[in-house]
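Sequential numbering from 1 along the given sequence is applied to the chain's residues. Atom set for the values below is all heavy atoms of this structure, side chains included, hydrogens, waters and symmetry mates excluded. Predicted, not measured: the structure shown is a model, and the values here were computed from it.
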Amino acid sequence: MSMWRKGLALSAAAVCAVTLAACGNNSSSGSGSSSKKVVVTMYRPGDPLTNSTEMMKIVNKEIQKQYPNVELQIKPISWGDYGQKFSVMLTSGDGFDLAFANSYSANAQKGGFADMTELIKKYASKAYDEIDPAYWKGVTLDGKIYGFPTNANVFSQEKLVFNGTFTDKYNINVDNVDSLQTATDAMAAFKKADPSINPMAIVKGYHAPTPGWSYPLSNGYPFVVDQSGKDTKVQNPYNLDIMRKNLATLHEWYQKGYVPRDAATSTTQYSLADDTWFGRIETTGPFDYGDTAILNARGGKPVVTKQISQPYKSTADAQMALYVISKSSKHKKEAVEVLNAINTNKKIINTMVWGIEGKQWEFTDKAKGKIKTLPGYKQNTYYGAWMTGNNRNLYTLDSVTDKQIEERDQSIKDTPEAADLGFMPNLDKYKTELTNIANVMSKYSDIINTGTADPVPTINKMNAELKTAGWDTVAKELQSQYDKFLAAK
């Protein structure tokens with residue numbers, strides 16, 4: 001996930017005001033429950049909504065048109081606490097009905113989630129049919145479905161984003177930029193023109209681009225596979241030519257002052273809306289409508305974006321926002337019915353994502369589903385679309401053109417599936433090695449990826465420690481499982 005998406009997930013409302021698949025605050029509480037109704041609880045990360053009572057009255061009224069005895073109650077947990085509390089719910093056997101999933105494949109393999117396969121076929125077939133098939137491939141484990149995906153950005157791509165305010169002000173040409181390397185002249189020009197601002201917004205946790213490669217265990221572990229399928233070998237990303245080339249460029253930038261001196265330890269939030277940066281890397285998808293999401297996160301200030309990776313429909317994107325059911329839930333049927341309603345009823349999802357009609361938004365062309373936001377549309381009055389429901393059912397702001405919607409649909413149709421789509425390795429037997437590898441990466445990842453350290457000697461030291469930690473053992477097992485996965489396809 002890009003720096004921008006992480007930041008928006010925590011705080012920024014601006015993008016979600018326009019982009020349908022970008023991140024946003026998520027939370028709410030349900031309307032008063034009735035003893036005659038089955039109350040389905042849904043845990044979501046985020047702060048409570050200020051309009052939750054009114055919103056849930058509308059949502060439940062719509063749900064009950066289809067399922068008269070079902071009522072949804074949403075329970076918010078702050079982003080900072082969600083991961084830990086979700087883990088506690090799993091280990092304690094909490095019988096939650098629905099929850100936003102953390103570490104989907106690992107927790108599914110441990111048996112913490114209910115098998116939803118037959119439930120979805122029986123109670124949510126309409127929702128199932130309307131979701132891109134790549135999602136189901138990306139969440140199916142050993143032939144079973146344990147999580148219901150949010151149909152939003154089924155693929156993503158990395159872009160180098162330049163601050164248009166500064167490219168215009170200082171007449172910096174970025175027309176030919178298509179990689180980190182070809183962006184060096186622009187970084188140098190900006191550094192010379194305005195030395196008070198760090199050209200590149202890079203902080204702790206940043207990972208250098210590895211276009212065309214997937215991380216089957218997340219980018220916290222040094223294992224990748226080729227998304228195109230031309231190469232089927234499990235690799236160490238830090239040994240790839242493209243990765244080393246990008247790391248060399250970042251180190252050059254660091255030495256020349258284009259990257260913050262404290263990048264390896266800094267947690268500074270470089271808001272898109274602020275002019276505290278010149279360049280950054282962001283991730284966008286089809287429901288971001290080209291640069292629309294970024295432009296609106298900028299509050300209308302100009303940007304120039306350059307694509308630096310080719311898109312694939314990937315496991316990571318398929319698992320970006322899933323809802324799971326506890327194996328101990330007493331309301332599995334009703335939970336799936338709620339998911340079906342959220343993903344098929346336009347009034348439900350648009351109320352959840354845009355807020356209350358007449359207060360947070362209004363139609364500008366109802367027949368075409370075009371809207372505009374009102375002054376009441378503020379942070380904590382809506383849910384983030386990227387983790388709410390089928391984004392194809394969302395109204396669009398009137399600034400999004402019919403052509404952009406056509407391009408969205410065509411890009412989804414044209415984008416290939418990654419070779420490893422649906423690959424979810426089981427490494428329960430290698431917990432010691434994975435812990436040791438994670439410890440090594442915690443020592444080196446930030447100083448390497450931010451350009452702080454000279455990459456070649458630092459990677460050589462890191463690789464020696466990875467070998468001792470058990471990298472070869474894990475890679476061998478990953479390779480075996482990946483070969484079987486590919487053969488089964």
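With 3.5 Å as the limit, one finds a donor-acceptor pair spanning the side chains of Ser214 and Gln227. A donor-acceptor contact closer than 3.5 angstrom links the side chains of Gln181 and Thr249. In the model, Ser326 has no side-chain atom that pairs as donor or acceptor with a side-chain atom of Ser329 under 3.5 Å. Asn153 and Ser156 share no donor-acceptor pair across their side chains, judged by distance under 3.5 Å alone. Side chains of Asn51 and Thr381: a donor-acceptor N/O pair is absent below 3.5 angstrom, by distance only. Between the side chains of Thr292 and Gln404, at least one donor N or O lies within less than 3.5 Å of an accepting N or O. The closest side-chain donor-acceptor pair between Arg44 and Tyr323 falls under 3.5 angstrom. No side-chain donor from either of Asn102 and Asn107 sits under 3.5 Å from a side-chain acceptor of the other. Between Asp414 and Ser411, the side chains place no donor N or O within less than 3.5 Å of an acceptor N or O (distance only, hydrogens not considered). When only modelled atom types and interatomic distance are considered, Tyr289 and Arg408 share a side-chain donor-acceptor pair under 3.5 Å. Between the side chains of Thr276 and Asp274, not a single donor N or O lies within less than 3.5 Å of an accepting N or O. Defined by atom type and a distance below 3.5 Å, a donor-acceptor pair is present between the side-chain atoms of Arg298 and Asn163. Residues Asn151 and Asn390 bring a donor and an acceptor atom of their side chains to less than 3.5 Å of each other. Between Asp94 and Ser92, the side chains place no donor N or O within less than 3.5 Å of an acceptor N or O (distance only, hydrogens not considered).
Counting only heavy atoms from C-beta outward, the side chains of Lys370 and Leu397 never approach each other to under 4.5 Å. Annotation: side chain of Pro416 is not in contact with side chain of Gln310 (no heavy-atom distance under 4.5 Å). In this structure, Lys36 and Asn69 have side chains that are not in contact, with every pair of non-hydrogen atoms separated by 4.5 Å or more. Considering only heavy atoms from C-beta on, Leu250 stays 4.5 Å or farther from Asn449 through its side chain.
Closest of all the heavy-atom pairs between Asn343 and Ala127 is CB-CB, 3.8 Å. Heavy atoms only, all atoms of each residue included: Ala134 and Ala318 are closest at O-CB, 4.1 Å. Minimum heavy-atom separation, Ser266 to Val203: O-CB, 3.3 Å. Ile308 and Pro209 get closest at one heavy-atom pair: CD1-CG, 4.1 Å. Minimum heavy-atom separation, Ala152 to Phe287: O-CD1, 3.1 Å. Closest approach of Leu394 and Ala385 over heavy atoms only: CD1-CB, 3.7 Å.
Using a 30° and 60° split on the angle between ring planes, Trp354 and Tyr377 fall in the tilted class, from 30° to 60°. Relative ring orientation between Phe190 and Tyr170 is described as perpendicular, the plane-to-plane angle rising above 60° on a 0-90° scale split at 30° and 60°.
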Criterion side-chain contact (heavy atoms from CB on, under 4.5 Å) on Val324 and Phe86, from CA distance to verdict: CA-CA 11 Å; Val324 293; Phe86 182 80; 4.2 Å; yes
Take Phe278 and Phe162 through the ring pair (Phe, Tyr, Trp, His ring centres under 6.0 Å) test and state the conclusion after the steps. CA-CA 6 Å; Phe278 171 66; Phe162 294 97; 5.4 Å; yes
Before you tell me yes or no, could you show the steps for Met56 and Ile74 under side-chain contact (heavy atoms from CB on, under 4.5 Å), namely the whole-Å CA-CA distance, both residues' side-chain angles and the distance that decides it to 0.1 Å? CA-CA 9 Å; Met56 293 309 295; Ile74 298 177; 4.0 Å; yes
Would Glu334 and Val39 satisfy side-chain contact (heavy atoms from CB on, under 4.5 Å), going step by step from the backbone distance to the final call? CA-CA 9 Å; Glu334 291 82 5; Val39 177; over 6 Å; no
For side-chain contact (heavy atoms from CB on, under 4.5 Å), just list the numbers for Thr150 and Met320, CA-CA rounded to whole Å, side-chain angles, deciding distance to a tenth of an Å, and then say yes or no. CA-CA 8 Å; Thr150 301; Met320 180 64 68; over 6 Å; no
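Side-chain atoms of Asn345 never come within 3.5 Å of backbone atoms of Gln66 as a donor-acceptor pair (strictly under, hydrogens ignored). Panel note: side chain Asp115, backbone Thr117; a donor-acceptor pair is recorded below 3.5 Å. Arg280 places a side-chain N or O within 3.5 Å of a backbone atom of Tyr270 that can act as its donor or acceptor partner. In terms of modelled atom types and a separation under 3.5 Å, the side chain of Ser179 and the main chain of Thr182 share a donor-acceptor contact.
Annotation: Gln84, atom CD; neighbour count of heavy atoms from other residues, nucleotides and ligands within 6.0 Å does not exceed 12. Surrounding NZ of Lys191 are more than 12 heavy atoms belonging to other residues, nucleotides or ligands, all under 6.0 Å away. Within 6.0 Å of NZ on Lys372 lie no more than 12 heavy atoms contributed by other residues, nucleotides or ligands. More than 12 heavy-atom neighbours from other residues, nucleotides or ligands sit within 6.0 angstrom of CG on Asp175.
The residue from Val338, Asn340, Asn60 that alone fulfils the side-chain contact (heavy atoms from CB on, under 4.5 Å) condition with Tyr67 is Asn340.
Pairs engaging residues 153-168 under the salt bridge (Lys or Arg N to Asp or Glu O under 4.0 Å) rule: Lys159-Asp291 [sequence neighbours left out]. Sorted by first then second residue, the salt bridge (Lys or Arg N to Asp or Glu O under 4.0 Å) pairs that include residues 339-361, not counting sequence neighbours, are Glu54-Lys359. Listed by first and then second residue, the side-chain hydrogen bond (donor to acceptor under 3.5 Å, both in side chains) pairs involving residues 120-129 are Lys126-Glu130 (not counting sequence neighbours).
For Phe485, the ring pair (Phe, Tyr, Trp, His ring centres under 6.0 Å) partners two or more places apart in sequence, or in a different chain, are Phe423. Listed by chain and residue number, Leu141, Met424, Asn426 satisfy the side-chain contact (heavy atoms from CB on, under 4.5 Å) test with Gln109 (two or more places apart in sequence, or in another chain). The salt bridge (Lys or Arg N to Asp or Glu O under 4.0 Å) search around Lys65 returns Glu62, not counting sequence neighbours.
With salt bridges taken as basic N to acidic carboxylate O contacts below 4.0 Å, one links Lys204 and Asp446. Salt bridge present: Asp402 and Lys368 bring a charged side-chain N and a carboxylate O closer than 4.0 Å. Of the charged side-chain nitrogens involved, none lies within less than 4.0 Å of a carboxylate oxygen, so that Lys169 and Asp194 do not count as a salt-bridged pair. With respect to the salt-bridge test (charged N to carboxylate O, under 4.0 angstrom), the residues Asp97 and Lys332 do not qualify.
Residue Thr396 holds its OG1 atom at 4.0 Å from CD1 of Ile405, rounded to the nearest 0.5 Å.
Ring-centre distance between Phe166 and Trp277: not below the 6.0 Å cut-off. When ring centroids are compared, Tyr395 and Phe363 come within the 6.0 Å threshold.
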